[in-house]
Amino acid sequence: MQEDSPVQNENTPDTSQTAPSQRTGRRNRLIVLGAAALVALGLGGVAVATSGSDHPAPAAVSLDAQSRAEAASRADRSVRESSTPVTPSLSPTPSPSAVSASPTPAKTAAAKAKPKPKKTTRPTPAWVDPMPGAAVTSCYGQRWGTLHAGIDLALPSGTPIRAAASGTVTQAGDASDGYGNSVFIDHGNGYLTHYAHQSRIAVTVGQSVKAGQVIGYEGATGDATGPHLHFEVHQGMWNQIDPAPFMRARGVDLGC
C-alpha cells in the first residue's frame, strides 16, 4: 500500500528552507511591535487618567520625583528658619498724647523747686482773756461797803486759768487777806496781774510765761463762797485799777 505524500502548496513558504537570518529578523520585528504595543497601552492609561484636565500631566515617575524634591526643600527651609535668631521687637514709640501727658524734666524740676506755702498760724494777741467763756459774777467797784478791786469770773472748779499777757511770775502761793492761792505776773511795763482763789498753782516764782499759758486752775481757796477766779490789774504793786477798761483797750472784753 502506497502512503500519501503531503502536497506542498506553491504559495506556502518552505520553512525548512528559510535562512536563519530571516528567522532572526522576524523575531526582532515581533519584539519591536510588542514594545510599541506596551508603550501605547501605558500612554493610553495616562491619557485616560488626565483626560479631565486642560494640560497634560507629567509622567508618574516625574511627579514622584518632584514631590520628593519639594518635601526636601520644605524640610531644609524649616531647619534654617528654626535656627535663625529671633530679633527682639523694639519698644513701641509712645503716642504724641502720651508724650505730651508726661511732665518734662524742666517742669518737674520747676515743680520741685517751687516752695510750698507755709502754714501760717494766727499770732497770739499780746493780751488774752484769763478764763474764756466764764460768766461774770462781780465787777470792779464798791461791794458791801468795801472796794471789790477786781472782776470775778466763774466756771466749774478746775477750769484752767491763763496768763493775760507775757511776763514773769513774782508770787505763787497763799497771798493772805482772803485771796487764797494766788499768782502775780509782772508784765514789765509797770502793770501786774493778779489771779486769786486757785485750787492748784501750775507755775513758780521767777518763771517766764506767755500770753495764754496755763498758770493754775480755778478753785475757792481763801475767802470765797464758790469756785471762781478773782482777776485784778495793778498799776504798781497793790495799786488796783478797774480791769474792764484796761483790758478792753487791749482788745479783751471781760463783760463789765
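Bear in mind the structure is a predicted one, so any value in this text is a computation, not a measurement. Computed from heavy atoms alone, side chains included, the values below leave out hydrogens, waters and symmetry copies.
- Counting all heavy atoms, side chain and backbone alike, Ala165 lies closest to Ala126 at CB-O, 3.3 Å.
- In this structure, the side-chain hydrogen bond (donor to acceptor under 3.5 Å, both in side chains) partners of Arg143, at least two apart in sequence or on a different chain, are Ser138.
- Counting only residues at least two apart or in different chains, ring-ring contact (aromatic ring centres under 6.0 Å, His included) contacts with residues 201-229 comprise His197-His228.
- The list of salt bridge (Lys or Arg N to Asp or Glu O under 4.0 Å) pairs with a residue in residues 154-178, not counting sequence neighbours, is empty.
- Sorted by first then second residue, the salt bridge (Lys or Arg N to Asp or Glu O under 4.0 Å) pairs that include residues 195-206, not counting sequence neighbours, number zero.
- Other members of the hydrophobic cluster containing Tyr140, listed by chain and number, are Leu147; membership follows side-chain contacts under 4.5 Å among ILVMFWY residues, whether direct or relayed.
- Screening residues 208-256 for disulfide (SG to SG under 2.5 Å) gives Cys139-Cys256 as the qualifying pairs, with residues at least two apart or on separate chains.
- Under the rule for a side chain to side chain contact (heavy atoms under 4.5 Å, CB included), the partners of Pro125 that lie at least two apart in sequence or sit in another chain are Val128.
- Looking at heavy atoms from C-beta onward, Thr170 lies out of side-chain contact with Val205 at the 4.5 angstrom threshold.
- With a 4.5 Å cut-off on side-chain heavy atoms, His148 and His230 count as touching.
- The side chain to side chain contact (heavy atoms under 4.5 Å, CB included) check on Thr168 picks up Ser208, with sequence neighbours excluded.
- Counting only N and O atoms by type, the side chains of His187 and Ser166 include no donor and acceptor under 3.5 Å apart.
- Listed by first and then second residue, the disulfide (SG to SG under 2.5 Å) pairs that reach into residues 183-226 come to none, sequence neighbours excluded.
- Remark: side-chain polar atoms of Thr221 are paired, donor with acceptor, to backbone N or O of Gln198 under 3.5 angstrom.
- Using a 4.5 Å cut-off on side-chain heavy atoms (C-beta onward), Glu218 and Ser157 make no contact.
- Residues satisfying the side chain to side chain contact (heavy atoms under 4.5 Å, CB included) test with Thr137, not counting sequence neighbours, are Asp152, Ala154.
- The side-chain hydrogen bond (donor to acceptor under 3.5 Å, both in side chains) test applied to His194 returns Ser182, Glu232, not counting sequence neighbours.
- Here Leu153 sits in one hydrophobic cluster together with Trp127, Met131, Val136, Ile151, Leu155, Ile161, Val169, Val183, Ile185, Tyr191, Tyr195, Ile201, Val203, Val209, Ile215, Leu229, Phe231, Val233, Ile241, Phe246, Met247, Val252, Leu254; the rule is ILVMFWY side chains under 4.5 Å apart, joined directly or through other members.
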